[in-house]
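Only one structure is covered here, and it is reproduced in the block below.
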Amino acid sequence: MSQTSSSHDHCRRNVAPGSRPGRRLAVGLALASALLLAGVAERAQSQVSAPAPVPGVAIPNFWNPRARGERVEAPQLGRAIRFLTDDEFPPLHFAGPDGNPTGFSVELARAVCDRLAITCSVQARRFDTLLDALDEKQGDVVAAAIPLTAGLRARFLSTRPYFRWPARFVARGDKGLPAPSAQALTGKSVGAIEGSAHAAYVKVFFPAATLTPFPDLSAAEGALKRGEVDYLFADGLNLALWIGGQDSERCCAFVGGDYLESRYFGEGIGLVTRTEDAALSRALDDALQRVWDDGKYAELYLRFFPVSPF
C-alpha cells in the first residue's frame with residue numbers, strides 16, 4: 001500500500017515515553033483489506049493483521065507469581081464500568097473495521113472485564129482529553145498509552161504496568177554484528193535520535209561507541225538500511241513495526257535483548273482510575289494477573305505484536 005510522505009509523517013511519530021501525552025507513536029494501521037482506511041500506513045498493516053501467531057515471538061511477563069493473593073472482586077457500581085481510550089495509536093488502541101475501538105490495550109481491558117464478570121463499555125476520545133475526562137467522571141478507567149509518572153500518580157491510581165517501552169538495538173542482517181555490549185560496540189557507530197533518552201543511554205553505558213545523532217527515527221532507519229551506521233538504538237515498538245513492514249525491505253533485525261531501565265525509558269502503562277476508586281483498581285490489578293495466568297495475555301500479544309518489541 002503506497003502512502004504519501006506527508007500522511008506518513010502525520011501517522012508515524014516517535015515514541016517518547018517520558019513526554020506523553022503530546023508525542024504519538026508513529027504508526028499507521030490496517031487489520032486486513034476490509035479494514036483499510038484512507039491514510040493508514042502500510043507498516044502497521046503488516047504487523048497487526050497477522051492471522052496467526054509467529055513462532056519465537058518473545059512475550060513479556062510483568063507479573064510476580066509470588067505476589068498472587070486471594071481473588072479480588074470488582075465493586076458493584078450498579079452500572080457498566082466505562083473505559084476511555086484513544087483510537088489513533090495502533091497497535092495499542094485504534095478504530096477497528098466497524099469504527100469501534102480495538103487494539104492490545106482495548107482487548108486486554110475487555111478480557112479483564114470478562115475475568116471480573118462485569119459489564120464494561122469502551123469509548124474513544126481524543127488522547128489529550130482522557131485524563132481530564134476521567135477526573136470529571138465521564139469514565140471510570142483509562143486504557144491508553146499514558147506513561148506512568150510521578151505526576152500521574154499524584155492525581156490518579158494505576159494498576160501495575162501491563163506494557164512497557166523497551167529500547168532495542170537493530171542492525172543489518174548481512175553484517176554479522178555481535179550482540180551489543182560495552183566491549184562489542186567499541187568503535188562501532190550507533191544511530192539514535194538526537195536528544196533522546198536512547199542517545200543519553202548510549203553515551204552513559206556504551207561510551208566507546210561512536211554515537212551518530214539523527215533528527216528523527218525515519219532518518220535513522222534509512223541510514224541503517226543504507227549501511228551508514230552499524231547499529232540503531234531506539235524505541236522497540238517503533239522498530240518492531242519497521243522491521244516487519246515493507247519500508248525496511250527485510251534489511252534488519254533486532255540484536256541483543258531489551259533495555260527497560262525506568263529512569264531512561266519510563267515505567268510503562270497501566271489501567272488508570274480515580275484515587276477514590278481504590279477497590280476497582282485492586283480488582284483490575286488482580287484480573288490482569290489472571291489474564292496473564294490463563295494465557296489470554298499471550299494470545300492478545302501475539303495477535304497485535306507478531307514482531308515483538310521485546
Side-chain angles (χ1 to χ4, degrees), residues 1-17 23-52 54 56-58 88-95 103-104 145 165-177 180 189-194 196 198-199 212-256 258 302-310:
M1 171 179 167
S2 63
Q3 172 134 340
T4 64
S5 59
S6 60
S7 62
H8 180 84
D9 292 341
H10 172 74
C11 290
R12 184 172 184 273
R13 307 171 195 159
N14 297 321
V15 167
R23 297 285 290 176
R24 290 291 191 139
L25 173 61
V27 287
L29 162 76
L31 291 175
S33 58
L35 211 161
L36 292 176
L37 304 174
V40 296
E42 175 278 333
R43 153 176 318 199
Q45 176 187 359
S46 65
Q47 295 303 297
V48 179
S49 62
V54 177
V57 174
E88 296 182 352
F89 195 67
L92 292 171
H93 36 88
F94 56 92
F104 180 69
W165 309 108
R168 296 294 304 270
F169 281 96
V170 176
R172 284 190 59 92
D174 58 3
K175 289 291 187 72
L177 293 172
S189 57
V190 179
I193 298 173
E194 188 172 15
S196 68
H198 303 89
T212 305
F214 292 92
D216 54 52
L217 188 56
S218 293
E221 290 168 344
L224 179 68
K225 182 178 172 181
R226 293 187 297 271
E228 296 170 4
V229 293
D230 296 313
Y231 296 87
L232 171 58
F233 188 60
D235 167 67
L237 181 51
N238 258 326
L239 291 175
L241 293 169
W242 179 65
I243 288 169
Q246 291 185 359
D247 287 351
S248 71
E249 297 181 334
R250 301 184 181 275
C251 70
C252 308
F254 286 127
V255 287
D258 53 63
L302 290 169
R303 175 178 166 190
F304 290 104
F305 301 101
V307 175
S308 177
F310 287 89

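No experiment lies behind these values; they were computed from the predicted model shown. We use all heavy atoms of the structure for the numbers below, so side chains are in, but hydrogens, waters and symmetry mates are not.
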Give a yes or no answer on whether the side chain of H93 reaches the backbone of A145 with a donor-acceptor pair at less than 3.5 Å.
yes
Could you pull out the closest heavy-atom pair between P166 and P309, with the gap in Å?
CG-O, 3.4 Å
Determine the minimum heavy-atom distance between A167 and F233, stating which atoms define it.
CB-CZ, 3.5 Å
If I take atom CH2 from residue W165 and atom CG from residue N238, how far apart are they, to the nearest 0.5 angstrom?
9.0 Å
Set of side-chain hydrogen bond (donor to acceptor under 3.5 Å, both in side chains) partners for D230, sequence neighbours left out
S189
Nearest 0.5 Å, what's the CZ-CZ distance between F89 and F104?
13.0 Å
Salt bridge (charged side-chain N to carboxylate O under 4.0 Å, His left out) against R226, all qualifying residues, sequence neighbours excluded:
E228
Once ring pair (Phe, Tyr, Trp, His ring centres under 6.0 Å) is applied, do any residues pair with F214, and if so which ones, sequence neighbours excluded?
none
To the nearest 0.5 Å, what is the distance between CZ (F305) and CG (L241)?
8.0 Å
Taking R168 for its side chain and L237 for its backbone only, find out whether a donor-acceptor pair lies under 3.5 Å.
no
Let me confirm one number: the CG-OG distance from D235 to S196, rounded to the nearest 0.5 Å.
10.0 Å
To the nearest 0.5 Å, atom CD1 of I243 lies from atom CD of E221 at 9.0 Å
Looking only at heavy atoms, the pair that brings V170 and C252 closest together is CG1-CB, 3.6 Å
Could you check whether any side-chain N or O of S248 sits under 3.5 Å from a backbone N or O of W242, counting only pairs where one atom can act as donor and the other as acceptor?
yes
Sorted by chain and number, sequence neighbours left out, side chain to side chain contact (heavy atoms under 4.5 Å, CB included) with A171 holds for L177, Y231, V255
Any idea which heavy atoms bring A58 and S308 closest together, and the distance?
O-OG, 2.6 Å
Taking C-beta and beyond as the side chain, do H198 and I193 meet within less than 4.5 Å on heavy atoms?
no
Could you check whether any side-chain heavy atom of V307 comes within less than 4.5 Å of a side-chain heavy atom of L239, counting everything from C-beta outward?
no
